[in-house]
Colleague: 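The structure's right below; bear with me while I get my questions together.
To find a chain, count down the sequence lines: A is the first, B the second, and so on, and within it residues start at 1. Computed over heavy atoms, backbone and side chain alike; hydrogens, waters and symmetry mates excluded.
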Number of protein chains: 2
Amino acid sequence: MTTQSPAVSPLEAHLGYWLRFVSNHISHAFSRKLFARDVTVAEWVFLRELYERDAVAPSELATRLGMTRGAISKLTDRLAAKSLLERTAGGNDRRYQSLTLTRSGRALVPKLAQLADENDEEFFGHLPRTERRMIENSMKEIARRRDLKTIPIE
Amino acid sequence: MTTQSPAVSPLEAHLGYWLRFVSNHISHAFSRKLFARDVTVAEWVFLRELYERDAVAPSELATRLGMTRGAISKLTDRLAAKSLLERTAGGNDRRYQSLTLTRSGRALVPKLAQLADENDEEFFGHLPRTERRMIENSMKEIARRRDLKTIPIE
DNA sequence: TATTGTTATACTCTATAACTATA
DNA sequence: TATAGTTATAGAGTATAACAATA
């Protein structure tokens, strides 16, 4: 040993380490799949949200996704440049915009969702259903206890 | 409903979603704790690795942490500027450097490790030991099956 | 020629804050 | 004055690639 050191818990002693380890690999694998469709993970979450509830104002999306309005603005630029969504002037209050998926944007989401399904299956498909459900319930319980709200992007 | 759409699996249908959701919150909580010590998560992993095996070459660290040599170089700059580590000219092969923790760097690591312990306890402390071990084993099994190697930073 | 470490560039995300148009 | 959206700036990551020094 080169230096005398007090005992310190190793990185691998933490459950958070293992969660992050696996979670990051899953996200990267997913982002590689999305790359073939020229979409980032943040863009996927954005598109999926618009698919669910169309004609949303940027500020509402910012709240829902836990991002700043500036970040939403930049994401909107990129997605509009790819012709996946459109900005529309709002209704009565002319400060508000309305974000809507284009036809091609709407057509893309189910394909991306399938990539998400495949990715999940790749990593968890071998686990027994009960074990998967147990892990999912543990995560939901942590989210509930700590009152976690915003959707994770990274 | 504003638009007719084919059924698409929601984000929350994926176990990967919940893992990322919780994992990102855990990391952010940890990074807020580290912030009080003026250290980022990437710097923590870096310091923890040097604590374990001192006098490592940057290129070896890059391999071990799954980062590029450029990224290691930048991190080394920052940590050296904080006087937490030192670059030393190598031995026979003068291309190699040797990275070593300073006295203050070595003194800091146990304090950061305690923050990591506290963070893990905050999020998982309420779970029964058997459940914690089960999740940890599931994650390790996924890492083993998929041959995952690099340490996660984000 | 190959390798080590540095540097430059570009990209995606983060955050804060200034700015405009509108209410 | 407050709010919606844009823009600018800075920082922490990622990646690729060029480069000097050394082997």
Colleague: Side chain of Ala42(B) only, heavy atoms from C-beta on: which candidate in dT14(C), dG13(D), dG5(C) is closest?
Modeller: dG13(D)

Colleague: What is the distance, to the nearest angstrom, from the CD atom on Glu60(B) to the P atom on dT4(C)?
Modeller: 11 Å

Colleague: Please write out the pairs of protein N or O atoms and N or O atoms of nucleotides 19-23 of chain D separated by less than 3.5 Å, giving the distance to one decimal.
Modeller:
{"from": "dA23(D)", "atom 1": "OP1", "to": "Asn92(B)", "atom 2": "O", "distance (Å)": "3.4"}
{"from": "dA23(D)", "atom 1": "OP1", "to": "Arg94(B)", "atom 2": "N", "distance (Å)": "3.0"}

Colleague: Calculate the interatomic distance between Met67(B) atom CE and dA15(D) atom C1'; express it in whole Å.
Modeller: 12 Å

Colleague: What is the nucleic acid contact for Thr68(B), judged by heavy atoms within less than 4.0 Å: base, sugar-phosphate only, or nothing?
Modeller: base

Colleague: Give Ser73(A) one of three labels, base, sugar-phosphate or nothing, depending on what nucleic acid heavy atoms sit under 4.0 Å from its own.
Modeller: base

Colleague: Answer yes or no: is there an ion pair linking Asp77(B) with Lys82(B), defined by an N-O contact shorter than 4.0 Å?
Modeller: no

Colleague: Rounded to the nearest angstrom, tell me the gap between atom CZ in Phe35(B) and atom P in dT16(C).
Modeller: 10 Å

Colleague: Which sits closer to the 5' end of DNA chain C, Gly70(B) or Gly70(A), going by the nucleotide each is nearest to?
Modeller: Gly70(B)

Colleague: Rounded off to whole Å, could you give me the CD1-to-C1' distance for the Ile72(A) and dG5(D) pair?
Modeller: 11 Å

Colleague: Under 4.0 Å between a Lys/Arg side-chain N and an Asp/Glu carboxylate O for Glu43(B) and Arg78(B)?
Modeller: yes

Colleague: From the set dT14(C), dT3(D), dT4(C), return the single nucleotide nearest to any side-chain atom of Lys74(A).
Modeller: dT14(C)

Colleague: Is Arg146(B) salt-bridged to Glu141(B), cutoff N-O under 4.0 Å?
Modeller: no

Colleague: Mind calculating the distance between CD (Gln97(B)) and P (dT3(C)) to the nearest angstrom?
Modeller: 18 Å

Colleague: From the list dG13(D), dT6(C), dG5(C), which nucleotide is the closest neighbour of the side chain of Arg87(B)?
Modeller: dT6(C)

Colleague: In terms of side-chain geometry, is the basic nitrogen of Glu49(A) or Arg64(A) positioned less than 4.0 Å from the acidic oxygen of its partner?
Modeller: yes

Colleague: When the nearest nucleotide of DNA chain D is assigned to Tyr96(A) and to Thr40(B) on a heavy-atom basis, which residue is associated with the more 5' position?
Modeller: Tyr96(A)

Colleague: Respond yes when some side-chain nitrogen or oxygen of Ser59(A) is under 4.0 Å from OP1 or OP2 of dG5(D), and no when none is.
Modeller: yes

Colleague: From the list dG5(D), dG13(D), dT12(C), which nucleotide is the closest neighbour of the side chain of Arg78(A)?
Modeller: dT12(C)

Colleague: Take atom CG of Leu61(A) and atom C1' of dG5(D), then tell me their distance rounded to the nearest Å.
Modeller: 13 Å

Colleague: Can you check the Leu65(A) CG to dG5(D) P distance for me, whole Å?
Modeller: 14 Å

Colleague: Check this for me: does any side-chain nitrogen of one of Glu136(B) and Arg133(B) sit under 4.0 Å from a carboxylate oxygen of the other?
Modeller: no

Colleague: Provide, to the nearest angstrom, the distance between the CG atom belonging to Leu79(A) and the P atom belonging to dT6(D).
Modeller: 13 Å

Colleague: Is it true that the side chains of Asp117(B) and Ser9(A) contain a donor and an acceptor less than 3.5 Å apart?
Modeller: yes

Colleague: Let me have the donor-acceptor pairs involving side chains of residues 123-131 of chain A, under 3.5 Å, with sequence neighbours excluded, atom names and distances please.
Modeller:
{"from": "Glu131(A)", "atom 1": "OE2", "to": "Ser138(B)", "atom 2": "OG", "distance (Å)": "2.4"}

